[in-house]
There are 2 protein chains.
Amino acid sequence: MGEEIPKIIIGRLPLYLRVLRRLKNEGEVYASSQELGEMLDISGAQIRKDLSHFGELGKRGTGYEIEFLIEKIRQILNINQVWNIAVVGIGDVGHALARYNGFVNRGFKVTAIFDSNEKKVGTEVQGLVIRDIKDLKEVIHKEDIKIAAVATPASAAQSVTDSLVENGIKAILNYAPIYLKVPDDVLVEYIDPAIHLQKLSYYLG
Amino acid sequence: MGEEIPKIIIGRLPLYLRVLRRLKNEGEVYASSQELGEMLDISGAQIRKDLSHFGELGKRGTGYEIEFLIEKIRQILNINQVWNIAVVGIGDVGHALARYNGFVNRGFKVTAIFDSNEKKVGTEVQGLVIRDIKDLKEVIHKEDIKIAAVATPASAAQSVTDSLVENGIKAILNYAPIYLKVPDDVLVEYIDPAIHLQKLSYYLG
DNA sequence: GTAAAATTGTGCAAATAGTCACAAGCAAAG
DNA sequence: CTTTGCTTGTGACTATTTGCACAATTTTAC
């Protein structure tokens with residue numbers, strides 16, 4: 001309990017949460033580790049062991065109470081609050097993120113969008129005005145933003161990242177196809193469709 | 001060499017490739033494992049060990065010849081060819097994928113796009129006509145498509161996936177926020193921005 | 001009230017992944 | 001040709017992750 005939780009376990013919690021939400025939606029009240037495992041292609045033992053890091057969350061003979069476990073995982077992941085998100089770079093991807101409705105009830109809300117293109121600045125997307133990248137500092141502080149998505153061309157991604165970090169951003173979701181250099185206390189997750197596909201094509205022989 | 005290559009190693013090869021491409025672009029000819037490692041926050045030893053699974057690709061005292069290694073990794077990942085990709089669901093994400101220029105020279109090309117919305121069918125995106133989802137079978141076979149991206153709402157994703165699998169699709173890039181049930185010989189990669197962000201928020205305390 | 005069935009939590013074993021450190025090979029300098 | 005410096009490939013070791021199997025606990029059936 002007092003120890004550090006392995007990153008790989010934290011990475012699975014959002015998956016557990018997603019499937020628990022689904023079961024709750026379907027009217028289920030309890031779920032066993034076996035059942036959850038089958039829905040995720042993960043062994044029941046692994047799910048039990050993962051969850052055991054956070055206390056005794058299940059009940060022998062019955063399984064896990066879905067509503068309770070959802071709440072517990074939300075607490076662990078710090079998403080029993082809403083994090084404001086900044087999106088930088090309003091091309092196709094930035095646009096898709098700004099309009100994405102998958103954030104609702106999952107702990108996040110896009111509250112600021114930025115671009116460097118003067119023609120875009122001032123126009124609206126999903127009710128949000130596109131701000132000039134030069135206003136990064138002002139907006140980030142005003143909106144108390146700690147998480148940003150970088151959706152700029154690769155050529156701009158590192159310098160945008162540097163500005164974000166300088167202004168207190170602590171976590172970045174990076175869509176640009178490059179590795180970002182950041183200080184140790186800043187976290188980055190990467191999304192690059194080509195990289196994901198290349199992992200797959202290996203197995204297609 | 002004859003053995004099975006661990007999945008985790010295959011997963012890193014695309015990253016190596018991306019940084020090698022970048023170095024090549026900058027005019028470099030050789031790169032050491034140390035240098036590559038620093039650009040990726042991976043130890044040099046790990047890069048050497050990963051690559052050693054595929055033969056002796058480096059030269060002692062010199063490092064790896066960039067052009068040669070790029071070609072080698074492209075061969076390993078089966079991207080020394082172009083895979084035709086089908087995108088299903090032309091909302092914001094599907095649209096972004098269809099227009100994505102990050103696939104060029106990375107082994108993939110979107111050659112078919114589908115939607116079920118009659119108003120969208122027949123219109124063009126990036127020079128491609130949106131086809132009715134009912135024409136899946138015909139188009140997939142005609143274009144010899146083996147890889148598809150699912151960018152539909154969650155409610156449609158599983159049934160779309162079933163059709164894709166039935167028509168010979170062997171790898172899926174899934175943007176819908178659900179786990180997809182597929183036969184053992186079909187591979188799926190998942191992209192869900194909320195899931196990625198939830199992995200980050202844990203560490204934001 | 002007892003027996004049978006279900007399911008968790010967990011110690012231990014197995015498998016997988018990553019690091020270290022160094023012999024071996026190559027290049028450059030003198 | 002020899003020495004020096006650099007870098008790979010890899011065996012041995014360490015760390016991490018996963019799977020197994022079962023005691024402990026709860027529920028259900030009779």
Side-chain angles (χ1 to χ4, degrees), chain A residues 1-16 19-20 23 28-73 76 184 199 202-203, chain B residues 1-16 19-20 23 28-73 76 184 199 202-203:
Chain A
M1 285 277 305
E3 328 120 35
E4 182 132 341
I5 308 294
K7 200 167 165 180
I8 195 158
I9 292 182
I10 298 305
R12 280 191 292 262
L13 294 182
L15 303 177
Y16 300 165
V19 64
L20 286 164
L23 287 170
E28 301 292 325
V29 177
Y30 290 96
S32 69
S33 59
Q34 163 110 39
E35 191 180 348
L36 294 172
E38 278 168 14
M39 294 181 76
L40 291 164
D41 270 7
I42 290 176
S43 80
Q46 179 159 94
I47 291 179
R48 293 200 299 280
K49 187 158 270 186
D50 283 356
L51 295 176
S52 74
H53 284 84
F54 307 99
E56 305 206 353
L57 308 181
K59 200 154 54 165
R60 293 166 197 235
T62 311
Y64 298 89
E65 201 205 323
I66 292 174
E67 192 121 16
F68 169 79
L69 189 51
I70 287 174
E71 203 39 48
K72 188 75 193 180
I73 295 178
I76 295 165
D184 284 349
K199 289 185 200 178
Y202 170 78
Y203 298 97
Chain B
M1 289 271 307
E3 329 120 34
E4 182 132 342
I5 308 293
K7 200 166 162 179
I8 195 159
I9 292 182
I10 298 305
R12 280 191 293 262
L13 294 182
L15 302 176
Y16 300 164
V19 65
L20 287 164
L23 288 170
E28 301 292 324
V29 177
Y30 290 95
S32 69
S33 60
Q34 164 110 38
E35 191 181 346
L36 294 173
E38 277 167 14
M39 296 180 75
L40 291 164
D41 269 6
I42 291 177
S43 79
Q46 178 158 96
I47 292 179
R48 293 200 298 282
K49 186 159 267 189
D50 282 357
L51 295 176
S52 75
H53 284 84
F54 307 100
E56 305 206 351
L57 307 181
K59 201 152 55 163
R60 293 164 198 235
T62 311
Y64 297 89
E65 202 205 322
I66 292 175
E67 191 121 17
F68 169 80
L69 189 52
I70 288 175
E71 203 40 47
K72 189 73 191 180
I73 295 178
I76 295 164
D184 284 347
K199 289 186 202 177
Y202 171 78
Y203 298 96

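In what follows, every chain begins at residue 1, and chains take the letters A, B, ... in the order their sequences are listed.
More than 12 heavy atoms of other residues, nucleotides or ligands lie within 6.0 Å of CD in A:Glu28, so this atom counts as buried by the packing criterion. By the 6.0 Å contact criterion, CD on B:Glu67 is open, its count of non-hydrogen atoms from other residues, nucleotides or ligands being 12 or less. At most 12 non-hydrogen atoms from other residues, nucleotides or ligands lie less than 6.0 angstrom from CD of B:Gln34.
Minimum heavy-atom separation, A:Leu57 to A:Phe68: O-CE2, 3.8 Å. Of all heavy-atom pairs between B:Glu35 and B:Ala31, the closest is OE1-CA, 3.6 Å. The minimum heavy-atom distance between A:Leu20 and A:Ile66, with the atom names listed, is O-CG2, 3.6 Å. Across A:Lys72 and A:Phe54, no two heavy atoms sit closer than the pair CE-O, 3.9 Å. Across all their heavy atoms, A:Ile10 and B:Lys199 have their closest contact at CG2-O, 4.0 Å.
In terms of position on DNA chain C, the residue among A:Lys49 and A:Glu56 whose nearest nucleotide sits closer to the 5' end is A:Glu56. Comparing A:Ser32 and B:Pro6 by the nucleotide of DNA chain C whose heavy atom lies nearest to each, the residue mapping closer to the 5' end is A:Ser32. When each of A:Gln46 and B:Lys59 is assigned the nucleotide of DNA chain D bearing its nearest heavy atom, the one mapping closer to the 5' terminus is B:Lys59.
Boundaries of the chain B contact region on DNA chain D are D:dC6 to D:dA12, first to last in 5' to 3' order (nucleotide atom under 4.0 Å from a heavy atom). Note that the first and last nucleotides of DNA chain C, 5' to 3', having any atom under 4.0 angstrom from a heavy atom of chain B are C:dA17 to C:dA27.
If you check every strand for non-hydrogen atoms under 4.0 Å, A:Leu57 touches sugar and phosphate atoms only. Across all strands shown, B:Ile8 has heavy atoms under 4.0 Å from sugar-phosphate atoms exclusively, and none from any base.
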* **Stepwise side-chain contact (heavy atoms from CB on, under 4.5 Å) check, A:Leu36 with A:Tyr16** => CA-CA 7 Å; A:Leu36 294 172; A:Tyr16 300 165; 5.9 Å; no

* Asked: B:Leu15 and B:Val19: side-chain contact (heavy atoms from CB on, under 4.5 Å), yes or no, with the steps?
  -> CA-CA 6 Å; B:Leu15 302 176; B:Val19 65; over 6 Å; no

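The distance from atom CD of A:Gln46 to atom OG of A:Ser33, rounded to the nearest 0.5 Å, is 11.0 Å.
A heavy atom closer than 4.0 Å to some atom of DNA chain D occurs in B:Arg60, B:Gly61, B:Thr62, B:Gly63, B:Tyr64, these being the qualifying members of residues 60-72 of chain B.
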